[in-house]
Amino acid sequence: MNITELLVGLQAQHEETAIRAGELRDQIAHLTATLAETDARLVDLATTRKVIAELAPAQDEPEPPETNTAYQAIVNAFNQHPGHEFRARELHELLDMPTDEASVNVTRARLGRLTRQGFLTQPGRGRYQKRT
């Protein structure tokens, strides 16, 4: 193989790679636009959920009967101490629940769900507080 053939081969590889790079840039641009649209939709959905949640208590519908589930016990604890921050283990101690690691981990998952639903905030790592 002489130098000319080597240069022609390198040029061909360069052109193929440049085409592939262009295709990838186009895909990135498309995905970036799609991500922006999806993020905007998420914001719209979150706003809608907040508005509906604020309007729902104003209706004259009776509240559902209180059930004594673990979730209800957690919510009641936060309602009784609205300004207090709790860790999962502290909640277990307050509610006389088992403090073994598996039980506390289940409560951490419940606290995470209540946070995602907007009932709680997380002012610090591992700390939860009632949203005001």
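Along the sequence shown, the residues carry numbers beginning at 1.
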Residues D100, V104; criterion side chain to side chain contact (heavy atoms under 4.5 Å, CB included); working and verdict:
CA-CA 6 Å; D100 61 283; V104 174; over 6 Å; no
Looking at P82 and Q129, what are the two nearest heavy atoms and their distance?
O-CG, 3.9 Å
Could I get the full list of side-chain hydrogen bond (donor to acceptor under 3.5 Å, both in side chains) partners for R108, not counting sequence neighbours?
E101, N105
Is there side-chain contact between N2 and E5, with at least one heavy-atom pair below 4.5 Å?
yes
Would you check, one step at a time, whether the test side chain to side chain contact (heavy atoms under 4.5 Å, CB included) holds for L120 with F78?
CA-CA 9 Å; L120 302 177; F78 281 103; 3.7 Å; yes
Judged by modelled atom types alone, do T107 and H92 share a side-chain donor-acceptor pair under 3.5 Å?
yes
Roughly how far, to the nearest 0.5 Å, is the OG1 atom of T115 from the CZ atom of R110?
14.0 Å
Between H81 and F86, does the ring centre distance come in under 6.0 Å?
yes
To the closest 0.5 Å, what do you measure between OG1 (T47) and CG (L42)?
10.5 Å
More than 12 heavy atoms of other groups within 6.0 Å of I3 CD1
no
Once rounded to the nearest 0.5 Å, what's the spacing between atom CD of Q13 and atom CZ of R20?
15.5 Å
Distance-only, no hydrogens or angles: does the E90 side chain make a donor-acceptor pair with backbone N or O of R87 under 3.5 Å?
yes
Chi angles and distances behind the side chain to side chain contact (heavy atoms under 4.5 Å, CB included) call for T99, R89:
CA-CA 6 Å; T99 56; R89 189 169 303 281; 3.8 Å; yes
If every non-hydrogen atom of P98 is compared with every non-hydrogen atom of S103, which pair is closest and at what distance?
O-CB, 3.7 Å
Less than 4.5 Å apart, any side-chain heavy atom of N76 and any of Y71?
no
Should F119 and I74 be marked as a side chain to side chain contact (heavy atoms under 4.5 Å, CB included) after you check the CA-CA gap, both sets of side-chain angles, and the distance that decides it?
CA-CA 11 Å; F119 181 77; I74 291 169; over 6 Å; no
Inter-residue atom distance I28.CD1 - L35.CG, 0.5 Å rounding
12.5 Å
Examine the side chains of Q11 and E15 and answer whether a donor and an acceptor come within less than 3.5 Å of each other.
yes
